[in-house]
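What follows is a short report on a single structure.
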Amino acid sequence: MIGFVIRRLAVAVLVTLGIALVTFLLLHILSPSPVYAVLGAKAEPAAVKAWNLQHGYDRPVLAQFLTYIGNIIHGDFGYSYKLSQSVTALFREHSGRSAYLSGSALVLSLLIALPLGIAQAVRRNSIGDYTVTSLNFILYSMPSFFLGLILIQFLALDWGVFPPVVSDQITTVWGAFTHPLQLTLPIVTLAAINVASFSRYMRSSALDNLAQDYIRLARAKGLSQRAVLTRHLLRNACLPMITLVGLSIPYLLAGNLLIEVLFNYSGIGLLFYTALGNLDYNVLLAYVIAGGILTVLGNLIADVAVAVADPRIRLG
Amino acid sequence: GSSSSSSSSSAGSASSSTSASANNANQSAASLGTVLYGQLPPAGTPQTGGTITQGQLTGQTPTYIFPIAPGSNSSSGTFSFLTELFMPLYGGPLGARPQVNYPMSAAAGPPVPSNGDKTYTVTLKSGLKWSNGTPITSKDVLFWYYLLRAAIKESPANWGQYVPGEFPMDVTSATAPNATTVVFNLDKAYNPGFFLNNQLQDTNGGAYPLPSTVWNVESANGPHVTDWTNPAVAKKIYDYLSKQGGAVASFATSPLWQDVSGPFKLKSFSATNSSYVLVPNPSYGGSPKPVFSQLDVNTYTGFTSELDALKSGSLDIMVGLDPSQLAEAPALKQQGIYVFGGPGWGWFGGIINFKDTTNHFDKVIAQPYVRQAIAYLTDQPGIIKGVYKGAAVTAYGPVPSAPISPYAPADATTPPYPYNPSSAVSLLKSHGWKVVPGGQTTCAKPGTGSGECGAGIPAGTPISFVWANQPQSVSTTGALESEALASEAKQAAGITITLQTKTFNFLTSNYNNQNPAASKYTNDWGVNNYGGLFMDFYPTQDGVFNPGGGFNMGDYNDPTANSLISQSVFGGDPNAVKNEASYLTKSLPVFFMPDADYLLAVSNKVGGPADGWTSMTQQQWFPQYWYVNKG
Amino acid sequence: MPPALEVTDLSTHIKLSRAVVQAVGNVDLRIDEGETLGLVGESGCGKSMLGLSILGLLPNGGRIVGGSIKAGGRELVGLPERELRRIRGNEVAMIFQDSLSSLNPTKTIGEQVSEPVRLHRGASRREALERALEVLELVGLPQPRERLRDYPHQLSGGLRQRVMIAIALSCEPKVLIADEPTTALDVTIQAQILSVLDGLRERLGMATLLVTHDMGVVAGRTSRINVMYAGRLVETAPTERLFSAMRHPYTQALLASIPRLESDNTRALVSIPGIPPDLTKPPSGCRFASRCPRATRQCAEQEPPLSGDDPSHRFACWHPVDGPEIRTPTIAVRERSAAALRAASSTNGHHLLEVVDAVREYPVTAGTLMRRRVNSVKAVSGVSIHLDVGETLGLVGESGCGKTTLGKMIVGVEKPDAGRILLNGAEVFRLRGRSLRRVRRDLQMMFQDPYASLDPRMRVQAILREPLVIQDVGSRRDQDRRVRGLLDEVGLPANALERYPHEFSGGQRQRIALARAVILEPKVMVADEPVSALDVSIRSQVLNLMKRLQAEHGMASIVISHDLAVVKYLSDRIGVMYLGKLVEIGTGDQIYRTPAHPYTEALIRTIPLPDPVAERSKSDVGIRGELPSPVNPPSGCRFRTRCPRAQSRCSEEEPLLRPFGHGHMAACHFPLQPPAEGNGAGGAVAAAPDVSGAAEAAT
Amino acid sequence: MAEYAPLPDVQTLHGTPPIGPTPEGGEVQVIASGWKLALREFLDNRLAVVGALVLIFFVLFCFVGPLVYHTNQTLTNPLITDLPPGGGHPLGTDENGFDELGRIMVGGQTALEVGFLASFIATVVGTLYGSIAGLAGGIVDNVLMRFVDILLSIPFLLIVLVLATKYSATVLEEALILGSFSWLVPARLVRGEVLTLRERDFVYAARVMGSRRSRLVVRHLIPNALSVVIVNVTFQIADAILALAYLGFLGFGLQYPSVSWGDMLGNAQNYVSEGYWWLVYPVGGCLVAVVLACNLIGDALRDAFDVRLRRR
Ligand SMILES: Nc1ncnc2c1ncn2[C@@H]1O[C@H](COP(=O)(O)OP(=O)(O)OP(=O)(O)O)[C@@H](O)[C@H]1O
Ligand SMILES: Nc1ncnc2c1ncn2[C@@H]1O[C@H](COP(=O)(O)OP(=O)(O)OP(=O)(O)O)[C@@H](O)[C@H]1O
Ligand SMILES: [Mg+2]
Ligand SMILES: [Mg+2]
C-alpha cells in the first residue's frame, strides 16, 4: 500500500510537471509577458522594458520555466504583482474558504444523493423515480450560473430569505460557519448540481447491485427491506461513488469558480477569475498546478479509499 | 457652463428625437461643472458619527499604500485609498471638474513659473500636521522628490505616471528655501498648465509630501537617517518603503502607515479580499473634514452582486454601475436609492491600426475621407440612447463635450462629421468607390487624382477590417456600440466590419504596435476598441498621438498634430492644448465613440454636498464629503 | 404429519414491459422431511422461478398467480411480508448457483454466516459467531476460525459454495432449496459439495429440493425426481424408476442425449431437434409437441394432464414411451474421405502438428506507469503433444489448468514463451507475413462462448465469409456459394444469412461458429469447450454435427473440455492436464479403463453418472481439496497436494511422462499400474514422444 | 432411425408452415434486428421519447420558424432596445433592438449547429486518439493517456482564453474550440472500450483467421466501439451547448451578427437583476430544454444499447 502510494505520487509529480509546462506554454502564447496587464495600457516602452528585465520575462520560455520549477521546489510560487502578495499567502488565505464551501456542498449533496439514489433504484420506474430523474436531468442540464441566478432572484431578492451575496465580513472559515444563512445559497446551488449527477450515479450503481444475487441471498436470509438496503446494498452501491467523489476533490480547494463569482465569495475560484482578468501569471500558474495536483491526488485518495472500502481490491 | 450643457443636448437632438428621457434625467448644474445623469442624493442633514458602507470591485481594490505607486498598482482603488490617507500636493478634481481642488491640497496655490517657465515655486499651506503632530513642511516634499528619483532610477516602471525625460528626471535641482516653499529648476521650459496639471497633479498618482522624519528608515527597526538627498540612501529607503507598501497583510498594522496626513486613518485591512475600514484622522488639515465615525469598504465581484447588496441594504454607496442596470433606476428610487453619473475626462473609441496591410487597410484608412465616412456612419446620439440608456455624452474628439474644463476648445461639442449615412456614401462615391449598400463597397477608380481612391489602393479593394472589442460580459457598451456601427456601415455603405472579442490584456498588449513583441499581430487587427483613455487635467495627447508615444498603439503619425502637441507641452501659450484638440477632432486619429457616464448609486441613508458626489463621476471618491443622514 | 413442503398447482408469471413470461405453470410438488427431491430441466424452464416463488423472492414484476405453497402445513401464498421474513432463512433456506455474486463482497464470511442467526435466533454477535463457526465446520470448510475474517473473494469457488451452504444451514431450516448448487464448479469440487449436502441432509433431516439441469447430479442424491419442461412439470417419479422406466419422451430423450464414458463413440447421440418454446407465448397444447417424434394433432391441441396409474409416478403425455430401451442410435458416419487419406500419406515423416515443450506464463504486474513484473501465472509449463492427419485429440482438466492457453498457442494467437509449435514440420512462430497468413488457414479455432466469438455487429453472411475474404479464397460468388453450402451442412436455414448473432439460440450460434471454423478447410481445428455453454438437449445436436464435420472434412482436431465424457465422445486420444502440465495421454479407452495417473482416475470417479445405481455405489468423492494457485504451483509433482498416493519423492522430483502401453503415457512416480517394460526412466520420451497416434486403434 | 424427425403436421398446426424441410438446427426465431430492438427499447423509455420530441420541436422551431416568423436580425436599432414583451414583439427586444423571439430562433440554429459540429469533431478526434492508444497499448498508451490527464486538469477557462487569442468566433471556429477540448472524454471512453474489445473472443477469432491489424480495427473494433461513441455523441452535444453558455457568460461567444443561445444567456447575470426577464428566462428555458433532451436521449440510447448487448 505504502509502495503504491509512493509510486502514484511519483506519477503525480510527473503529471503535475506536465501540467505546469503546458500551462506555462499556453500563457506564453497568450502573452509572453504580463507587463501590459501590470503596468497598464499607457505604459511607456522604457518602463515595459525595465519591468520585463526586472522580472525575467525577457528570457527564453524554457529558461523561465526551469526557474519557475526551481522556485516551486523551494515552495515559492511567485508573487502576484497585481495583488501585491505572494501567491502562497494568497492561497493560504483563500483555500480554506473554498474548501469550506465546496466541502459542505459535497457533504450536503452526498447526504441527499445517496439515499435518494437508493430510493429511486428500489422504486424504479415509479412516478417518484420519474419525477426525481426528470428533476435531476433538469438540474444537470442547467448552466450552474443560471441556476444560481434564479435562486438569487427568487430566494434572495424577491422573497428576501437569504442574502443575495455573501457578506464581505465573512473573511474566515469560522465566520462562514457562524453565519450559516450567508452561505446557504452558494452551498445549495453547488449541492443541487452535485446531487443531480451523484444521484444519477447512485441510482444506477444501486440498480446494478440490486440485480446481484447477494441481495437476493440477503432477502432469503429473512432480512427486512430496510436491513437489506442499509446492511448490504449501501456499502456496495457506494463503492463507485468513492471514485466520483475523489474526482470532485479538486473542487474542494480550487473552488467552484462560477459560484464564487456569482455569490461574491472570495475563494480560490474568485482569485483565479480575478487573476485571469489581470493576467496574473503566477496566480494562474499556481491555480492550474494546484488543480492538477488535486486531480491526481483526488484520484489517488479515491483509489486508496476504494481499496479500504472494497476488500477485493489490494493495492500493490 | 450652461452653454456646454445646452450644446450637448442640441447634439443629441441633431439627428433624432433621442435623449428625451435622457434629457429629463440629465441635470444641468453649472456649479457642478458637468452634465449629470440621474439625480444626486439630496444634501440631507448631517449626523455626527455613524458608519457608512462603500463598495469596490474585485480587481480594482487598493493594493498599495506607499504613495509612490508603481504602474502595476495603478488602479483607481489604490489612488482613492492613497488620497484618503495622504494629502496630495495638488488634489483634484473639483467636483466633476478636472481641476485642482485646493481645499484638499497641501499646496496653497499653483506653482509659480519664473525664469522663462524653467523654474517653478510651490508654496505649502501653513499649519498642516501629520497625525503624529509634526508639521508638514517643504522637506517632506523634497523627501518625496528624492525617493521618487531613486525609484525611477531603479526602474521606470516604479512610478505609474512616469514618462521618460519628464518629471522628476527633468529637474536639475530642487530646493526648500523655507518650511513652506519648494523650488524646482527644470532643464527646459514647460507649459505652466502642463507642469501643474500633468506633472505635479496626476490622475495616476501625483505629488505627495511624505513624512520625512518618520519614513526615513532603511529597515524595520533601522535608525532614522537624514542624508536622504544622497541617491544611494534614498534608494535604500525607497526599497524598504516600496516593499512595505505592497505588503497588504500589514497595511493596518505596520507602524509606518500609522502616520498620515489625509482625512482618514486605516483601521483594518483584509488581505483576503482587500476590504478595509477607515476612521477619521483628527489632525487632518484640509476641508471638509469627516463627521461620521467609520467607513467600511467592501469588495464585490461585479456590478450585479454590488447592486444586490445595495438593494438588500447591506451597502450604502455603490461605485460603478453597468448602463444596462439603469433600467432599474426607477425601482431603486422607490427604495430610496439615487442613481447618478457623469462622463469621465477622456476619450473613448476604436484605435485605428495604420499599419494593418490586410485588404490594403493601411492605405485605405490613411485617407482622411474614409475615416470621415465612418465617422458619418457613427450614430452617437442613437448609441447614447440605445446602448448607454442616455448615460453618456457625445464626444467627437479627444476632449469630450463634458465635463467642463478650462482647456476644452470651443468646438469640442460640435460634431465635424455628424451622423449622416448619406454623407458617408456620397463622400465615398466622390472618391471613386463603388458603394453597394448591404453588400461590399469596392474601389472603382484607383489613383491619386481627385475623384480617385487614393495612393496605394488598387481597383477592387474593399473597405473591410477587423474591429476588436472586449468581451461583452466585461464591456457591454463597447460591444454594442461596435455592433451598431458595424450594422450601419454594412447596411448603408457596404463597409465590412468584422467584430472580434479579445481580452483587455490581449488588446492592450498585443494589438499594440508599440510593443515589439506584438509585431506578429500587426495584420490581425484594424481597430482596437478596448475602451479609451482617461486624461490628466491638462488634456494634451502627448504620448498618445505622436510617434513613439507609449500609447500610440496604432502608429498614428501626422506632422501637424506632432507640432501642435509639442506646443502644448513646451510652449507658453495657454491655448495651445485647445488648438491641439481642435485639430485632432477634425483629423480623426481614432474612431471616437460617446463618452460613457461613470454611474453610482447611493442610499438615502447617507447624504453630502453635491461636489462630493460629482467628484465620484471622475472615479475618485472623497468620503470626507459624506455623512450619515439624521433621522 | 404434513409434508415439509407442499406446492399445489402453482403458477408464477413475470410481467415484462410488453409481455408476460409464464415462468411456472400448474406445478405440484411435495417433499417429506429428510427427503431430497430432484428438480431437473433445461435452462429457462422455470426451475429457479419455482424456487424463488416458494420463498416469495420473485424478481420485479414476478407474481404468484395461482396455487398454494405450504411449508410444514402453513400456507405461504398471501402471507404478509413480515411473516414471510420470519420463515425465510429460518424454516426455508435457499442456496444459489453463483457463489461469487451471491456473497456480499464487502462483508466478512463471519458476518454473513452469523447474520441469519442473529436475525432469527436473536443471538448476540458473539453467540452468532460461535454458531457460524459450528456450521462452517459442519460444511467442511478447512480452518473455519481463520476464515471468519476473510472476504468472499479470498476463497475459491468451492469454498465459497460451502459458505453459502453454511449460511443456509445456520438456522437449521426444515426445507432447503438448492438451486444449481454446483453448476459453476469443477467436477472435482462438485462431487465434494454434493457429498457435503448429502451428509448434512442425513444429519439434519432436512427436506431438500435439489434443482439442477444435470441428470447425473440428481441420479445418486435424490429419492424422487421432477422433470420440468417449459414451465410445466412433465414427469415425476422415484429416482430409479425415472431412469429405468420413464414414460415421457422428453425424459427419455434427455437421458439418451447425454454422452457417457462407457458408451461407444462411433455412434451418434440421440438429439432433440429444435429449441424449447418461448415462455411469453407458450404453445397451446403439449409444450414439447413441436420437438417430439411422437407428437400428433392431439398433442398440439390439448395439454396432457399430469397423471399416471401409480401416484408416485406421474407424467404428462398423450403418447408415453416405455423406458429408455426402445431406440438404437444411428451409426455415425466414420469413413475417412479419400482426400484426407491422401493428405495423411503426404506428411513425409512429420506429424501434422507437433507441440514441443510449450511454455506460456502470464506476467502478474504491478504499478501504473512502469509495469513491473512481480510474478507470473504458469498457465502452460512445458507441454508436448502431437497430432496426425484426421485425428482428434481431446484435452481435459479442471478449470484454469491451461487448456485454452494451449489451444490458443496451437492456433497461433498466443505466443509461447518457450518451446515450439510445428505444423507439417514448419515452426509456426518463425513464419512472417504471407506465409504466416497461409498457415493460419490451416489452423482454426472454435471458441468456448458461442456468443462472444461472433461479432455482434456482423450478419451471419459476413461472419462466415470473413475467413474466405481474409485468406482471399475464390471470387465473391464462390465465397457465397461456399457459405450457403456450409450453412446447409451445419443445419441452418438459408434465411440465417441475413441475421445477426443475437437472433440465434445458443446451439445455432455454435453451429455458425463451427461453420466458420471449417469453412477454410483447415488441417487442424481447435474446439475450445464447444458445448459447455449449451443445454443438454442442444449439446447432443452440436456434438453430432461436430463429429460429422470432422469426418467429412477429414481435419484433425483438438477438442478441449472439462467434461471427460464429451472429450471421450469426440476424440481418438485424450490428454489429461493438471495445472499447466500434461499428466496423462492415451486413447479414450486407455484413459477410461486403465488410467495410470491417480488424477485421471479421480477425475473419472467424480463425474456424476446419469445412473442411480452406479452413482449410489460410489464410495468416496474422488479428489479432496482445491486446485493450487498457478502462480506458485507445488514443487515436484504438481498434483501431490491432492494426491492420496503422494510421498516425499513427489515434492522433490518432477515426474516425467512414461509409457504405459501403446501410446499411453503418464507422469507419475507412483502410478496405478506398472509402467511398460524397457522404458523405465523415459526422459527422452517426454521430449519427443515418437508414439504413433492411436487413431487406427480406435477405428 | 429417423423417428426423431418431427411430424410435419405438428408444424403446420402451429401456423408456421415450413418452407422446405426444416433444417436440423431449427428455424431462426425472427427477432427484431439489433437496431430495431434498440429502437424499441428506446421508445419504451418515456423520458427519452419526450426528449426526442423536444429536440425535434426545437429543430423545427429554429430552422423552420424563421421562415414563418420574419424578423429583422441584422440591422441593429438603438431606438427599440430592451423593450418588454408586447406590441409586435411577443418576447420583447434585446439590447440591439432585435426581436427576441426571432433572436431565439437564430440563436438556436447556431447553438444546434455548433453543438452538432463540436460533438462531431470531439467524437472523431476522440475516437481516433482513444483507439490508437487502446490499440498501441504499453508505453505509447501510457504516454497518450497521461497527456489526456494533463489536458483534463487545465481549466477550461484558461484554454478558452488562450484559444481566443487567435480566434474570431465563427460557427466553425467555435465548434473547433469546443471540439478541441471535449475530445478528451470520448478518447478515454473509446480507449477503454477498445481495451476490452481487444480481448473479446471474436477479435481472437478474426486473428485466428489471419486478419490484418487494419481489418481488425476497421471491421471489428470500430463498429463495436460505435455504440459507446454514439451514446457519447448525444452527451457531447448537450455539453457543447452548455459550454456555449459558459463561453457566452465569459464573453467569448459568437460575434454579431451571429448569435447563439449561450451568448444570449451570457448577460443573464445583468439582465436578471435589472428586470429584463424576457432576455433571460425564455432563452434559458430553450437552452435547458435542448440540453435536457440530448441528455435524456443519450441516457436512453445507452440503456438501449446495453440491453441489446445483454441479450445473449
Ligand atoms: N428477472 C426476470 N425477469 C423476467 N423474466 C425472467 C427473469 N428471470 C427469469 N425469467 C424468465 O423466466 C423463465 C424461467 O426462468 P428460470 O430462471 O426459472 O429458469 P431456470 O430453469 O432456472 O433456468 P437456468 O437453468 O438457466 O437457471 C425463463 O423464460 C426466463 O427467461
Ligand atoms: N490473458 C491472461 N492473463 C493472465 N492470466 C491468464 C490469461 N489467460 C489465462 N490466464 C491464466 O492462466 C491459467 C490458465 O488459463 P486457461 O484459460 O488456459 O485455463 P483453462 O484450462 O482453459 O480453464 P477454463 O476451463 O476455466 O477455461 C489460469 O490460471 C488463468 O487465470
Ligand atoms: Mg436457474
Ligand atoms: Mg478455457
Side-chain angles (χ1 to χ4, degrees), chain C residues 17-18 270-275 278 283 289-293 295-297 299-301 327-328 330 369 408 411-413 436-437 440-441 443-445 447-449 451-457 466-467 470-471 488 490-493 495-496 499-500 502-505 507-508 511 516 520 541 545, chain D residues 1-7 9-14 16 18-35 37 40-41 44-45 138-139 142-143 146 197 200-212 215 219-224 226-227 308-312:
Chain C
S17 55
R18 54 179 72 245
V270 169
S271 74
I272 310 173
I275 48 174
D278 181 0
S290 65
R291 301 175 78 190
C292 181
T296 62
R297 199 168 287 275
C299 299
E301 283 161 3
R327 289 152 292 97
T328 20
T330 48
L369 199 56
K408 282 186 175 168
V411 294
V413 281
L436 177 66
R437 219 141 57 82
R440 295 229 183 256
R441 194 167 161 173
L443 297 168
Q444 286 298 306
M445 184 152 183
F447 290 85
Q448 175 160 2
D449 181 347
Y451 190 82
S453 69
L454 302 177
D455 188 332
R457 306 207 184 266
E466 189 172 26
I470 290 173
Q471 291 292 344
D488 194 43
V490 297
L492 286 177
N495 70 355
R499 320 222 70 90
Y500 288 94
H502 76 266
E503 298 175 72
F504 294 87
S505 68
Q508 288 173 327
R511 283 172 198 263
R516 180 178 60 182
L520 284 173
Q541 294 175 7
L545 177 65
Chain D
M1 265 169 267
E3 55 183 75
Y4 266 75
L7 298 183
D9 62 343
V10 178
Q11 293 271 327
T12 22
L13 279 171
H14 284 298
T16 44
I19 307 147
T22 312
E24 189 185 273
E27 287 297 343
V28 185
Q29 229 184 325
V30 180
I31 319 173
S33 77
W35 293 101
L37 199 72
R40 210 168 70 188
E41 197 64 35
D44 260 6
N45 189 330
I139 193 84
N142 242 315
V143 169
R146 282 303 93 83
L197 282 175
R200 291 276 292 274
D201 275 353
F202 65 82
V203 175
Y204 273 116
R207 282 173 56 195
V208 170
M209 294 166 212
S211 169
R212 282 178 226 269
R215 188 187 162 85
R219 295 299 308 256
H220 296 286
L221 295 179
I222 290 185
N224 279 288
L226 216 57
S227 63
R308 204 170 63 84
L309 294 178
R310 247 188 273 131
R311 196 190 165 95
R312 296 197 164 194

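Convention: sequence-line order gives letters A, B, ...; per-chain numbering from 1.
Between C/Pro456 and D/Arg200 the shortest heavy-atom distance is CG-NH2, 4.4 Å. Residues C/Ser453 and D/Ala205 share a closest heavy-atom pair of O-CB, 4.0 Å.
Of all the listed residues (C/Asp455, C/Val413, C/Val411), the one sharing the greatest number of non-hydrogen pairs under 4.5 Å with chain D is C/Asp455.
When heavy atoms are compared at a cutoff of 4.5 Å, C/Arg437 approaches chain D solely by way of its side chain, counted from C-beta outward.
Side-chain atoms of C/Arg440 never come within 3.5 Å of backbone atoms of D/Val208 as a donor-acceptor pair (strictly under, hydrogens ignored).
Of the inter-residue distances, the one linking D/Asp201 atom CG with C/Met445 atom CE reads 8.0 Å to the nearest 0.5 angstrom. To the nearest 0.5 Å, atoms CD1 (C/Ile470) and CZ (D/Arg207) are separated by 12.0 Å.
Not counting sequence neighbours, the partners of D/Arg215 by the side chain to side chain donor-acceptor pair (under 3.5 Å) test are C/Glu466.
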Starting from the C-alpha separation in whole Å, work towards a yes-or-no answer on side chain to side chain contact (heavy atoms under 4.5 Å, CB included) for D/Met209 and C/Arg441.
CA-CA 6 Å; D/Met209 294 166 212; C/Arg441 194 167 161 173; over 6 Å; no

